Amino acid sequence: MLKRARVPIEAFFYRRGIKAPELLALLSAQSLLVLASALAGLLVALLSGWNLWLLYFALGAALALFNFWGLANFTMKVFDSGAAYSKALALRQFFSFLFRFALTAALLIFFRNAIIPIVAGLSSFVLLLTLYGLARVCRLKT
């Protein structure tokens, strides 16, 4: 079931320039987490009188997805173009990172009453990376 859900998500990212299978797997897993937590959050919010914790978690997970997608997209464009890494390229990456960082900070400030679930959602990607890395190491050893 999850594999069937991952295929259109991976196709979406592939059409937008992400070609590496590892990046596609990470982006699709995080996308599924965002979708699942958003749907569960809507259901819980409607049934419990608007407890929005899961929706804020989904927002944080979506921010993590957006930030990683931006980094992965930039990196794939650099590798696909074959361009030598230059000072201009480094500055472009730096300002792209600053923009995503400022957007994340602005949303954290705007939703300051829900900082814990948003940061938990942001941290979900760190956990996903850790689990993905551990699974990869375990596959290599067998």
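Being a predicted model, the structure only gives us computed values, none of them experimental. Numbers here are sequence positions counted from 1.
- Residue-environment remark: CZ (F99) stays at or below the threshold of 12 foreign heavy atoms within 6.0 Å.
- No donor-acceptor contact under 3.5 angstrom links the side chains of S96 and R92, judged on distance only.
- By the 6.0 Å contact criterion, CD1 on I116 is open, its count of non-hydrogen atoms from other residues, nucleotides or ligands being 12 or less.
- Rounding to the nearest 0.5 Å gives a distance of 9.5 Å between CG of L127 and CD of Q30.
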* Under the side chain to side chain contact (heavy atoms under 4.5 Å, CB included) rule, what do N67 and F97 come out as? Steps first, then yes or no, please. => CA-CA 8 Å; N67 287 330; F97 167 77; over 6 Å; no
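- Side-chain atoms of E10 and I18, non-hydrogen and from C-beta on, never get closer than 4.5 Å to each other.
- Counting heavy atoms from C-beta on, the side chains of W69 and L23 never come closer than 4.5 Å.
- Enclosure of atom OH in Y14 is not indicated, since only 12 or fewer non-hydrogen atoms of other residues, nucleotides or ligands lie within 6.0 angstrom.
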* **Stepwise side chain to side chain contact (heavy atoms under 4.5 Å, CB included) check, L26 with L128** => CA-CA 8 Å; L26 287 167; L128 178 68; 4.1 Å; yes
* To do: Start with the C-alpha gap between K19 and L24, add the side-chain angles, then the distance that decides, and say whether side chain to side chain contact (heavy atoms under 4.5 Å, CB included) holds.
  => CA-CA 7 Å; K19 308 285 191 232; L24 288 170; over 6 Å; no
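- More than 12 heavy atoms of other residues, nucleotides or ligands shown are found within 6.0 angstrom of OH on Y132.
- Checked by atom type and distance alone, the side chain of R112 never pairs as donor or acceptor with a backbone atom of L108 at under 3.5 Å.
- In this structure, the side chains of F13 and S31 come closer than 4.5 Å at one or more pairs of heavy atoms.
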